[in-house]
There are 2 protein chains.
Amino acid sequence: MAVKSAGIRDVAELAGVSVTTVSHVLNDTPHTRVAEETRARVRHAAKTLGYGPNRAAQALRTNRSGLIGLLSEEIATTPHAGRIILGAQDAAREHDLTLVIINTERESSGHSHRDDVQALLDRQVDAVLYATMYHRQVSLPPNLQALPAVLIDSTDRAGIVPAVVPDEVGGAIAAVTHLVESGHTRIGFLNNDDDVPATHGRFEGYRQVLDAHGISFDATLVSTAPSETLPGYELAREMLGRRDRPTALFCYNDRMAMGAYRAATELGLSIPDDLSIVGFDNQELIAANLFPGLTTVALPHYEMGVWAVETLVRLLHGEGEYKLLADKPTLLDCPLVVRGSVARPTAH
Amino acid sequence: MAVKSAGIRDVAELAGVSVTTVSHVLNDTPHTRVAEETRARVRHAAKTLGYGPNRAAQALRTNRSGLIGLLSEEIATTPHAGRIILGAQDAAREHDLTLVIINTERESSGHSHRDDVQALLDRQVDAVLYATMYHRQVSLPPNLQALPAVLIDSTDRAGIVPAVVPDEVGGAIAAVTHLVESGHTRIGFLNNDDDVPATHGRFEGYRQVLDAHGISFDATLVSTAPSETLPGYELAREMLGRRDRPTALFCYNDRMAMGAYRAATELGLSIPDDLSIVGFDNQELIAANLFPGLTTVALPHYEMGVWAVETLVRLLHGEGEYKLLADKPTLLDCPLVVRGSVARPTAH
DNA sequence: GTGAAAGCGCTAACAG
DNA sequence: CTGTTAGCGCTTTCAC
């Protein structure tokens with residue numbers, strides 16, 4: 001309320017120059033020479049008046065809203081989306097862009113995705129980010145084609161949009177290497193049974209580490225089930241019940257690991273002394289609240305959010321190696337988060 | 001890209017009227033009579049051209065950005081913030097408003113809060129929502145005074161801003177009543193030890209139910225500790241270790257309940273047969289993944305988000321019983337979510 | 001009932 | 001190096 005805030009002409013007046021000059025210096029307009037002394041005067045005037053540009057006028061004139069849309073699946077289901085938002089937010093702020101977030105359903109008719117994109121289009125965002133809840137391939141709504149876009153945590157089935165995804169293989173390598181370096185050689189793997197990149201990537205990483213350390217692969221040490229707590233429990237229960245049970249378990253995700261904890265407890269195996277466990281996802285709510293804390297692999301959600309916005313900005317500025325970027329999704333590191341669930345195996 | 005989208009003059013032309021008329025009918029401008037037949041023609045023209053107003057021009061002209069800022073604490077920490085966002089989002093869409101979300105730190109210098117509000121101000125939002133991570137009292141950044149505001153999950157220390165919070169007492173009543181109706185009379189309460197509304201409200205609800213059912217209050221059945229998993233475990237361990245242990249536990253939150261589960265397991269008490277447990281917060285990641293599923297009380301985050309936006313809209317439209325609203329925070333229901341952790345006590 | 005026209009605050013030709 | 005000026009697309013006053 002109060003007094004209507006200062007406009008560019010107020011600044012011009014106070015600095016004793018024209019609005020053009022003010023516009024030039026405040027925007028660092030290229031191909032424009034303004035005396036350093038004038039610039040200083042203008043900037044000072046702007047500051048003393050507390051001048052901030054009127055976004056609407058700017059947008060109207062430049063045809064750029066300064067808004068970028070983030071279409072995110074299932075914002076409220078896990079904190080994952082939250083971290084993407086955080087990363088995107090921070091990067092956006094860096095570039096004076098505003099993030100407009102729209103929640104979308106995971107498995108919707110595709111129709112609704114269209115509508116969600118439309119909502120963003122109606123708000124005339126300059127570009128859009130599309131974030132999925134888990135690493136997978138997607139088909140983009142057709143109306144998304146109209147705008148620069150970047151995919152987060154998924155790849156484009158058509159392969160024409162830049163994408164950033166977690167390095168699943170690398171994450172698994174970190175996890176299993178940690179186990180091997182702690183002295184484990186019989187390492188069970190409780191894997192997901194969905195046909196998604198994470199399933200294959202984490203398995204791939206598991207195999208690579210075994211190979212690299214000359215540990216022969218034992219197919220009986222790998223079992224698969226839906227990646228939930230209960231199936232994890234059942235798988236672990238079975239595998240840990242064997243006479244030649246593994247001394248460590250690498251779990252597809254923290255929920256399966258949570259099930260494994262329960263199985264271990266029931267079998268009288270203490271973690272980490274009798275059994276080491278490593279999870280994946282680093283879901284704080286689970287990993288930090290288990291006893292002992294679960295050593296797991298973090299997904300680079302925040303970093304993917306940052307990368308996506310940075311890429312969008314480059315695209316918007318026409319430094320677009322768009323094709324190049326879209327060609328191969330960018331992989332981001334999945335670092336190991338050490339808590340208390342891994343120890344050296346006890347001698348038999 | 002493609003063709004630049006239709007403007008109001010295109011619509012006017014196609015409908016054979018002036019832009020004024022188009023504006024009037026599309027906005028249902030009051031005190032304006034346009035022949036029904038003309039309205040129809042205009043609307044039809046708009047639809048066939050796929051016309052959508054240029055937000056920037058609208059904003060510039062009306063001095064209303066159509067943006068509302070949501071300042072939310074710790075977006076990525078729990079899904080709570082996500083549900084508030086969802087509710088606010090849905091309500092905002094209903095009113096053709098766009099939500100701009102800014103993450104803020106929980107315990108920051110107050111300085112940074114100022115900056116976050118400033119960021120919103122710079123983006124010229126029409127109003128702001130301030131959402132805290134847990135129910136408490138806050139002091140608002142001074143620069144927030146400039147705009148209509150509504151508090152979510154907290155109350156204003158100064159008492160001048162409308163607020164919506166969970167009905168803690170009611171939630172606790174629902175939880176404990178459920179226990180009593182299942183036949184429990186010795187009900188332990190593992191409470192938080194912070195001086196926050198939830199602590200007092202949930203205790204109050206606990207007492208009320210006991211009173212209402214003629215169960216005499218036993219102070220030894222209430223213990224307090226920080227509301228984390230480990231303290232919850234320790235408290236439960238102690239209380240359940242007594243000879244006259246309670247047959248049911250009401251826990252301040254799901255994390256404490258998670259600790260109680262562990263204590264029960266260690267003591268060989270099976271849930272729900274030997275011990276019933278009710279939590280609070282309904283954190284899916286925990287409650288749904290425990291064995292058995294935890295019966296708990298849900299916080300009305302989504303609903304608070306909706307309420308806040310609706311209230312903001314009313315405020316914006318000047319139907320402002322602002323003072324009235326601010327006077328007493330609005331309480332929203334905390335419904336019980338039944339899973340599998342409650343059963344009738346077994347006869348001794 | 002309908003229309004003409006004046007800006008909202010800013011950017012970017014273009015002129016000087 | 002700096003200033004004048006014409007709109008961006010829309011709402012709204014005022015006249016018809």
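Just so it is clear, the model here is predicted, and its values are computed rather than measured. To find a chain, count down the sequence lines: A is the first, B the second, and so on, and within it residues start at 1. What you see below is based on every heavy atom in this structure, not just the backbone, and it leaves out hydrogens, waters and symmetry mates.
Closest to the A:Val17 side chain, of the nucleotides D:dT11, C:dG3, D:dG3, is D:dG3. Of the listed nucleotides (D:dT4, C:dT2, C:dG9), C:dT2 has the atom at the smallest distance from the side chain of B:Ala35.
Atom CG in B:Asp10 sits about 9 Å away from atom P in D:dG9, given to the nearest Å. One interatomic measurement links the two molecules: CG of B:Leu60 to C1' of C:dC8, which rounds to 4 Å at whole-angstrom precision. The separation between B:Asn63 atom CG and C:dG9 atom P is 7 Å, rounded to whole Å. If you take CD1 of A:Ile8 and P of D:dT5, they are 17 Å apart, rounded to a whole angstrom. In this structure, B:Arg61 places its CZ atom 8 Å from P of C:dC8, rounding to the nearest Å. The separation between A:Gln124 atom CD and D:dG9 atom P is 11 Å, rounded to whole Å.
With respect to B:Glu73 and B:Arg136, a salt bridge is recorded, a charged nitrogen being found less than 4.0 Å from a carboxylate O.
Between the CG atom in A:Asp115 and the CG atom in A:Leu120 there is a gap of 12.0 Å [rounded to 0.5 Å].
Between A:Glu36 and A:Val19, it is A:Glu36 whose nearest contact on DNA chain D lies nearer the 5' terminus. Where B:Thr38 and A:Arg9 each meet DNA chain C at their nearest nucleotide, the meeting point lying more 5' is that of B:Thr38.
Every residue was checked against the side-chain hydrogen bond (donor to acceptor under 3.5 Å, both in side chains) condition with A:Gln89, not counting sequence neighbours, and none meets it. Looking at residues two or more places apart in sequence or on another chain, you find no side chain to side chain contact (heavy atoms under 4.5 Å, CB included) involving A:Arg61. Considering only residues two or more places apart in sequence or on other chains, A:Val306 meets the side chain to side chain contact (heavy atoms under 4.5 Å, CB included) condition with A:Ala91, A:Tyr302, A:Glu310. Scanning for side chain to side chain contact (heavy atoms under 4.5 Å, CB included) contacts around A:Ala158 gives A:Asp156, A:Ile160, with sequence neighbours left out.
A heavy-atom distance below 4.0 Å to DNA chain C is reached by these residues of residues 20-27 of chain A, ordered by number: A:Thr20, A:Ser23, A:Asn27. Annotation: proximity of residues 44-56 of chain B to DNA chain D (heavy atom, distance under 4.0 Å) is found for B:Tyr51, B:Pro53, B:Asn54, numbered in ascending order.
Counting heavy atoms from C-beta outward, A:Leu70 and A:Val100 have side chains that stay 4.5 Å or more apart.
For the pair B:Thr62 and D:dC10, the criterion of a side-chain N or O lying under 4.0 Å from OP1 or OP2 is not met. Note on A:Gln58: a side-chain N or O is less than 4.0 Å away from OP1 or OP2 of C:dT11.
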CA sep, side-chain torsions, deciding dist, call: A:Asp153, A:Thr132, side chain to side chain donor-acceptor pair (under 3.5 Å): CA-CA 6 Å; A:Asp153 208 10; A:Thr132 51; 4.5 Å; no
Given B:Gln58 and B:Asn54, is the side chain to side chain donor-acceptor pair (under 3.5 Å) satisfied, shown in steps? CA-CA 6 Å; B:Gln58 234 170 354; B:Asn54 179 318; over 6 Å; no
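In this structure, B:Thr29 reaches neither bases nor backbone, as no heavy-atom distance under 4.0 Å exists between it and the strands shown.
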